[in-house]
Amino acid sequence: MKLVEAYAKEQGMWRDSKSPDPVFTQTLELDLGSVEPCISGPKRPQDRIALKDAVSSFTGVCAEAKSVPVKGADYALSNGDVVIAAITSCTNTSNPSVLVGAGLLARKALEKGLTVKPWVKTSLAPGSQVVTDYLTKAGLQKDLDALGFNTVGYGCTTCIGNSGPLPEAIGKAVEEGDLNVTAVLSGNRNFEGRISPHVKSNYLASPPLVVAYAIAGSMKIDLYKQPLGKDKNGKDVFLKDIWPSNKEIADTVRSCLTSEMFKTRYADVFKGPKEWQAIGGKKAGETFTWDPKSTYIQNPPFFAGMSKTPGKTSNIKGAYALAILGDSVTTDHISPAGSFKKDHPAGKFLVGQGVEPRDFNSYGSRRGNDRVMTRGTFANIRIKNEMLENVEGGFTKHIPSGEQMSIYDASMKYQEAKTPLVVFAGKEYGTGSSRDWAAKGTRLLGVKAVIAESFERIHRSNLVGMGIMPLQFKDGMTRKSLGLKGDETFDILGIDGDIKPGQDITLTINRKGGKSEDVKLLCRIDTLDEVEYYRNGGILHYVLRNIAAA
């Protein structure tokens with residue numbers, strides 16, 4: 001406590017009865033009466049929607065009415081139908097109040113005779129086994145189970161694309177009608193292509209609302225005004241009829257949650273379950289014994305050919321564009337995330353290694369294998385490369401041959417010819433949370449520079465950390481104002497020798513027909529430390545060389 005007190009006083013953060021009233025440079029007033037329930041979506045977590053506006057928000061995205069019969073079922077699917085409802089994510093499943101709230105809502109729904117719609121895939125993935133302990137003690141786990149919210153595992157599931165496939169008949173109906181079906185999850189990320197390849201619109205909601213939408217079965221039902229269903233007597237049941245009170249939730253939490261649960265569960269957490277202990281393995285040594293046949297973990301190639309000292313930085317000449325992208329390209333568009341199919345580069349690779357499609361698992365589970373992850377970089381099913389017309393997914397044009405192919409295949413052709421690559425983008429390049437492979441995969445694809453209107457700050461830093469130069473358009477210039485098509489070649493000049501943070505860099509655009517144009521770009525290597533990282537080829541190389549030198 002003495003250390004905390006001393007630190008707090010030194011930082012000006014200590015406050016007691018003798019402390020003067022603090023003076024703030026800015027103040028914020030919040031009328032608690034203005035706080036209202038909300039969700040977010042359909043493809044960015046920052047896109048907040050008041051719950052009362054949820055229906056109009058979805059119909060604004062997809063107003064077309066479609067209905068496709070589901071084979072072998074007595075119902076049809078329509079735009080807006082909820083096909084995934086998942087209580088998931090460490091963010092919400094570490095909060096006993098909302099988990100207990102979801103359980104109480106499930107109990108009240110069952111008492112009224114409500115059920116989950118048959119086309120909804122439900123799941124519960126707590127972030128800790130303690131959640132199961134207190135839900136079981138409160139008798140709420142059986143209520144969640146009865147509605148289909150069975151515990152499927154602990155940790156990242158639907159939020160990172162590990163919801164598993166939809167039932168085959170559901171998936172086929174979605175594909176047949178090109179339906180805009182939805183997912184509702186209590187996660188913290190809902191970027192395009194992340195949750196499921198079949199689901200275009202994904203909404204983040206609290207765990208109780210996830211249960212409510214599973215019962216309603218559609219984003220086009222107004223939870224304020226329309227019933228979720230009918231009770232045993234045929235009477236309409238509204239959300240307000242089954243929503244638990246704050247007192248009910250607080251009383252239940254007090255009765256079912258104890259500190260002893262955490263002590264018991266985490267006393268031997270590092271032993272792992274019996275399945276983990278049974279794996280065995282070779283005796284420990286100073287270095288890891290790599291298995292060349294493993295499809296899950298491989299020795300990454302980042303240090304291949306690395307010298308003891310860094311070479312001089314040099315200009316980038318004769319580069320081609322690997323992709324020209326628009327605004328708000330997230331790290332989920334860039335980084336491998338979620339599931340993938342057998343006709344994608346990663347799928348083809350695994351099939352070639354003898355892995356059946358049913359055993360592909362997800363990119364997240366194979367993040368230790370660069371051969372899989374590089375093939376999944378820029379492979380998001382919703383990404384749009386402006387070098388191609390009316391094409392969605394991880395494709396580009398290989399300019400020397402004029403062929404359309406996957407971004408990975410084009411990258412390999414360019415790298416075989418020792419041709420450097422660049423990526424162009426609009427505003428907010430690199431927003432999102434799938435950070436490490438968004439930079440690592442970009443490097444392994446042979447990209448030397450990313451040129452954008454603006455960068456998300458952490459991704460910009462991560463690019464530098466992987467030896468990739470982030471460059472920013474100046475004075476309102478954009479890829480569109482320059483008329484970039486992707487059939488040009490590019491020289492990036494002014495980086496040979498010394499680099500200074502924030503210096504001007506010259507981009508020479510060599511257009512078809514022989515015309516050239518020079519434009520000035522802002523070097524977004526922002527600090528002297530980042531200069532050293534870039535000069536070394538990345539932060540890993542910088543650290544390793546410093547360790548070796550010491």
Side-chain angles (χ1 to χ4, degrees), residues 299-323 331 334-335 370 373-374 377 411 414-415 417-425 429-430 435-474 489-509 518-550:
N299 188 0
F302 300 117
F303 300 115
M306 177 180 164
S307 60
K308 289 185 177 180
T309 57
K312 291 184 177 180
T313 58
S314 58
N315 293 329
I316 299 168
K317 293 188 175 181
Y320 277 102
L322 183 62
T331 49
I334 306 165
S335 178
D370 62 278
M373 299 299 279
T374 306
T377 304
S411 163
Y414 282 124
Q415 291 194 59
K418 296 186 173 10
T419 302
L421 296 168
V422 294
V423 169
F424 291 92
Y429 182 80
R435 301 197 185 282
D436 61 333
W437 269 103
K440 290 193 289 191
T442 300
R443 172 176 177 139
L444 294 179
L445 287 175
V447 175
K448 303 298 183 185
V450 176
I451 304 170
E453 292 177 56
S454 62
F455 291 90
E456 190 273 341
R457 64 181 183 85
I458 298 177
H459 185 60
R460 179 208 61 79
S461 177
N462 287 351
L463 289 174
V464 178
M466 290 308 301
I468 301 166
M469 176 164 281
L471 298 168
Q472 192 165 314
F473 290 115
K474 300 179 67 173
T489 63
F490 305 92
D491 301 327
I492 299 174
L493 310 175
I495 58 178
D496 55 338
D498 291 334
I499 301 175
K500 295 181 176 59
Q503 75 176 68
D504 278 354
I505 296 290
T506 300
L507 173 69
T508 300
I509 305 168
D518 288 346
V519 298
K520 293 294 183 183
L521 303 175
L522 174 65
C523 174
R524 286 302 313 276
I525 295 177
D526 290 353
T527 68
L528 290 172
D529 283 343
E530 288 184 342
V531 169
E532 285 303 304
Y533 302 155
Y534 182 78
R535 196 171 67 85
N536 275 269
I539 191 171
L540 299 175
H541 304 74
Y542 171 81
V543 170
L544 196 58
R545 286 187 176 115
N546 282 351
I547 292 172

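We're numbering straight along the sequence, starting at 1.
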| said: salt bridge (Lys or Arg N to Asp or Glu O under 4.0 Å) for D526 and R524? Distances and angles first, verdict last. | reply: CA-CA 5 Å; D526 290 353; R524 286 302 313 276; 2.8 Å; yes
| request: Decide side-chain contact (heavy atoms from CB on, under 4.5 Å) for L522 and L471; before the verdict, give the C-alpha distance in whole Å, the side-chain angles of both, and the deciding distance to 0.1 Å. | output: CA-CA 6 Å; L522 174 65; L471 298 168; over 6 Å; no
Where the side chain of [X] meets the backbone of [Y], is there a donor-acceptor pair that is under 3.5 Å apart?
X: T331; Y: A438; result: no
X: E532; Y: D529; result: no
X: D491; Y: T508; result: no
X: E456; Y: H459; result: yes

When you compare the side chain of [Y] with that of [X], does any pair of heavy atoms fall below 4.5 Å?
X: Q472; Y: L521; result: no
X: H541; Y: F303; result: yes
X: M469; Y: I499; result: yes
X: D518; Y: L507; result: no
X: K317; Y: L493; result: yes
X: I492; Y: V422; result: yes
X: V423; Y: Y429; result: yes
X: C523; Y: I505; result: yes

| message | Could you walk me through whether K440 and M466 satisfy the side-chain contact (heavy atoms from CB on, under 4.5 Å) test, starting with their C-alpha distance in whole Å, then the side-chain angles of each, then the deciding distance to 0.1 Å, before giving a yes or no? | response | CA-CA 6 Å; K440 290 193 289 191; M466 290 308 301; 3.8 Å; yes
Determine the minimum heavy-atom distance between [X] and [Y], stating which atoms define it.
X: S411; Y: L421; value: CA-CD1, 4.2 Å
X: A425; Y: F473; value: O-CE1, 4.0 Å
X: T377; Y: G441; value: OG1-CA, 3.3 Å
X: W437; Y: T374; value: CZ3-OG1, 4.3 Å
X: P470; Y: L463; value: CB-CD1, 4.4 Å
X: A439; Y: I468; value: O-CD1, 3.8 Å

I need the [X] [atom1] to [Y] [atom2] distance, nearest 0.5 Å.
X: M306; Y: L540; atom1: CE; atom2: CG; result: 9.0 Å
X: R545; Y: N536; atom1: CZ; atom2: CG; result: 5.0 Å
X: K308; Y: L544; atom1: NZ; atom2: CG; result: 11.5 Å
X: Y533; Y: I539; atom1: OH; atom2: CD1; result: 4.0 Å
X: I525; Y: I495; atom1: CD1; atom2: CD1; result: 8.0 Å
X: D496; Y: N315; atom1: CG; atom2: CG; result: 4.0 Å

| said: Would E530 and R460 count as a salt bridge (Lys or Arg N to Asp or Glu O under 4.0 Å) here? Give the steps. | reply: CA-CA 11 Å; E530 288 184 342; R460 179 208 61 79; 2.9 Å; yes
| task | Kindly determine whether K474 and D504 satisfy salt bridge (Lys or Arg N to Asp or Glu O under 4.0 Å), including the steps that lead there. | result | CA-CA 10 Å; K474 300 179 67 173; D504 278 354; 2.8 Å; yes
| query | Hey, do the aromatic rings of Y542 and Y534 have their centres closer than 6.0 Å? | reply |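 Y542 vs Y534: aromatic centres not under 6.0 Å.
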| Does a side chain donor of either T419 or Q415 reach within less than 3.5 Å of an acceptor in the other side chain? |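 The answer is no; no qualifying pair exists.
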